[in-house]
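Notes to accompany the following structure.
Because the structure is a prediction, the values reported are computed rather than measured.
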Amino acid sequence: MESPIRVRFAPSPTGDLHIGTSRTALFNWLFARRYHGQVVLRVEDTDKTRSTKEYEQSIIESLKWLGIDWDEGPDIGGEHGPYRQSERLNTYKYYWKRLLKSNHAYYCFCTPEELEEERRSALESSRMPMYGGKCRELSDTEREKRRLSGQKGVIRFKVERDDPYEIKFKDLIKENINISSEVIGDFIIVKADNMPTYNFAAAVDDITMGISHVLRGEDHITNTARQTMIYDALETPIPMFGHFSMILGTDKAKLSKRHGATSIEEYKRKGYLSETIINYLSLLSWSPGDESEIFDIEELVKKFSIERVSKSPAIFDLPKLDWLNGQWIRRIPVERLTLLIEPYLTAAGIDTEDHNVQKISEAIRTSITTLAEAPGYAKIFFGDPEISDDTLKELREEPSIKVLSLFRDRINEADKLDCDSIKELIKGVAGDLKEDGIKGKAVYHPIRLALTGLDSGPELFSVIDGLGQKRTLSRLDKAIG
RNA sequence: GGCGCAUUAGUCUAGCGGUUAAGGACGCCGCCCUCUCAAGGCGGAGGCCACGGGUUCGAAUCCCGUAUGCGCUACCA
């Protein structure tokens, strides 16, 4: 028997993967994985003018980067394919013919100009803009005549008018939703270019792909009413629906370009980890119920439940994202961190040849909140430190010179250097200098200055560890002169 | 304009009629740690639970109204 749960995510390839879309994808994915269901990726590319293959590719890559996968999709195929709407035209045709035949749909020849005029005048007299149904009662012969004469028509769904009713459905997130059939005009299901519209294609696909749960943004609530009508007209069982609240910008408007980065791609580029994005997205409109809030995607699968998804919209808060990213940067294994940091270093023109990037990563991981900040903090390990003349002069006076010389000798004598032995070594130096009244800042600070030219930075021992014995010595020598 | 959805501190949220004089997290402030900057630890300020009515012995929690916000109202999805 087939798994009772089948969900889909259905992006349109008209841009890179959006924050909101990815949260929808995440929640669908979590829902399916949590209950051992299946996930379908469907590309909704019926808008020929805006859809591109490049965006499709970019969306797929972003999804994969996030760690979201699917059981069926355009890239891997599956039993219910094809998975691009542009390749499913025959299926749509079959269903629209059925709708036409059962008198649930009709051809409409109104021009865009007429429609626009109708809309405008409705708005003017503050009526709800809605198709008036001019072509509804066109006779069969008239219809054929127009079609044969080459008039490009569209097909509209015929909404029951004589006997208005309430479309009621139990939303998995919002609970009960009622929409009156009277507020829904005869909507277009097939465009003049013979492409299905969103509402029709989505309904047909959800039917033919055996989708059990449709989970999407709340901007689709009224579409759910339309799609329900299609299900009814096609005499097909209606899936379960759930509508997530919107993600808003800090001004409480729907998240958009003017709020800054809105695509996963951009956040990736800025140096946010996929763990961070997944974690943060999960926290927008959902909570585990206990007080934990840092978890990876696997833990999320165990914790997730649709009942705990909030009904109210959430504002995308960058400071918290940054904090979370810092948490993850400190949490992942240093090997992985190193792999992530390296490309940023190279991009900043830093030659990492001959350097222990892993130790450098370890040294700077508590300083950075995004990977993009890494070069700024890591540059002290590369090239020669810039030490001002004043500083140099100071380093060559007492007590600095004493500290540096002693330290230099100890480093030189050391046969192996790791974090622990460096700590011991510095402590030893500090201990020996104590009798001269040199302690604390007076011992650490000159070393730091000699090594980096800066008076702040990562902990000294990790600076030395990152530099390595050879480089540490040469920098000390240069400072001592 | 109509319809739909929402409303707990600046932000994300816990809370499902009494155990809550609302708990956690980000941010902010202070202290500790400390060679520095971070990180980390500890603590603090910040909410009349949008407002107004009900229901109830008792409401942030249930109901109604108002306000505000957002969404939809496309041959976009």
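A:L115 places its CG atom 14 Å from the C1' atom of B:rU73, with the value rounded to the nearest Å. Here B:rU11 presents its C1' atom at 14 Å from CG of A:L255, a figure rounded to the nearest Å. The nearest whole Å value for the distance from the CG atom in A:L284 to the P atom in B:rU11 is 14 Å. In this structure, A:N325 places its CG atom 13 Å from P of B:rG27, rounding to the nearest Å. Summarising the geometry, the separation between CG on A:D193 and C1' on B:rC76 is reported as 12 Å, rounded to the nearest angstrom. Atom CE of A:M246 is separated from atom C1' of B:rA77 by 12 Å (rounded to the nearest Å). Whole-Å rounding puts the A:E166 CD to B:rG4 C1' distance at 11 Å. For the pair A:I221 CD1 and B:rG2 C1', the interatomic distance rounds to 16 Å; values are reported in whole Å.
The base of B:rA6 lies outside donor-acceptor range of the side chain of A:K174, with no N or O pair under 3.5 Å.
Closest to the side chain of A:N199, out of B:rC70, B:rA39, B:rA77, is B:rA77. The side chain of A:S456 lies closest to B:rC37 when the candidates are B:rC37, B:rA77, B:rG27. Comparing atom distances between the A:E291 side chain and each of B:rG24, B:rU11, B:rC35 picks out B:rG24 as nearest. Nearest nucleotide to the A:K252 side chain, out of B:rC37, B:rG69, B:rA77: B:rG69. Looking at the side chain of A:L283, the nearest of the listed nucleotides B:rC75, B:rC5, B:rC12 is B:rC12. Side chain of A:R226, nearest nucleotide from B:rU73, B:rG40, B:rC12: B:rU73. Candidate nucleotides B:rC72, B:rG2, B:rC37 were compared by shortest atom distance to the side chain of A:V183, and B:rG2 ranks first. When distances are taken from the side chain of A:S285 to each of B:rU13, B:rA74, B:rC12, the shortest belongs to B:rU13. Nearest nucleotide to the A:D317 side chain, out of B:rA38, B:rA77, B:rC26: B:rC26.
Applying the Watson-Crick and G-U wobble criteria (two distances, each under 3.5 Å), B:rA39 pairs with nothing in any strand.
The aromatic ring of A:W323 does not sit over the base of B:rC26, since the test of centres under 5.5 Å and planes under 30° is not met.
A salt bridge (Lys or Arg N to Asp or Glu O under 4.0 Å) with A:D186 is found for exactly one of A:R156, A:K134, A:R136, A:R226, namely A:R136. Test A:Q327, A:R336, A:R331 against A:E275 for side chain to side chain donor-acceptor pair (under 3.5 Å) and you get one pass: A:R336. With respect to A:K402, the salt bridge (Lys or Arg N to Asp or Glu O under 4.0 Å) criterion is satisfied by exactly one of A:D409, A:D432, A:D436: A:D436.
In this pair, A:F187 and A:F157 present their aromatic rings parallel. The plane angle is below 30°, not in the 30 to 60° band.
Only the C1' atoms considered, B:rG4 is 43 Å distant from B:rG44, to the nearest whole Å. Here, B:rU61 and B:rA14 have their P atoms 16 Å apart, quoted to the whole Å. As rounded to the nearest Å, B:rC75 and B:rU13 have P atoms that lie 34 Å from one another. With P as the reference atom, B:rC64 and B:rU55 are 15 Å apart, rounded to whole Å. The gap from the P atom of B:rC62 to that of B:rG40 amounts to 37 Å, rounded to the nearest Å. Distance check on atom P: B:rG52 versus B:rA59 gives 15 Å, rounded to whole Å. Across the C1' atoms, B:rA39 and B:rC32 are found 14 Å apart, a figure rounded to whole Å. Here, B:rG15 and B:rU19 have their P atoms 16 Å apart, quoted to the whole Å.
Residue-level contact check: A:H243 touches neither bases nor backbone, having no heavy atom under 4.0 Å from any strand. If you check every strand for non-hydrogen atoms under 4.0 Å, A:P319 touches sugar and phosphate atoms only.
Taking the centre of each ring, A:F244 and A:F27 come in below the 6.0 Å mark. Taking the six-membered ring where the residue is Trp, the centroids of A:Y280 and A:F316 are separated by under 6.0 Å. Ring centroids of A:Y198 and A:H220 are separated by less than 6.0 Å, placing the two rings close together.
For the OP1/OP2 pair of B:rC75 and a distance below 4.0 Å, the side-chain nitrogens and oxygens of A:R119 include no atom meeting the criterion. At B:rU7, one or more side-chain N or O atoms of A:S312 fall inside 4.0 Å of OP1 or OP2 (strictly under the cut-off). Considering only side-chain N and O atoms, A:T197 lies nowhere under 4.0 angstrom from the phosphate OP1 or OP2 of B:rA77.
If you find the closest nucleotide of RNA chain B to A:E307 and to A:N223, the one lying nearer the 5' end belongs to A:E307. The 5' end of RNA chain B is approached more closely, in terms of each residue's nearest nucleotide, by A:W286 than by the other of A:W286 and A:V190.
One finds no salt bridge joining A:D45 and A:K53 here, because no Lys/Arg side-chain nitrogen approaches an Asp/Glu carboxylate oxygen to under 4.0 Å.
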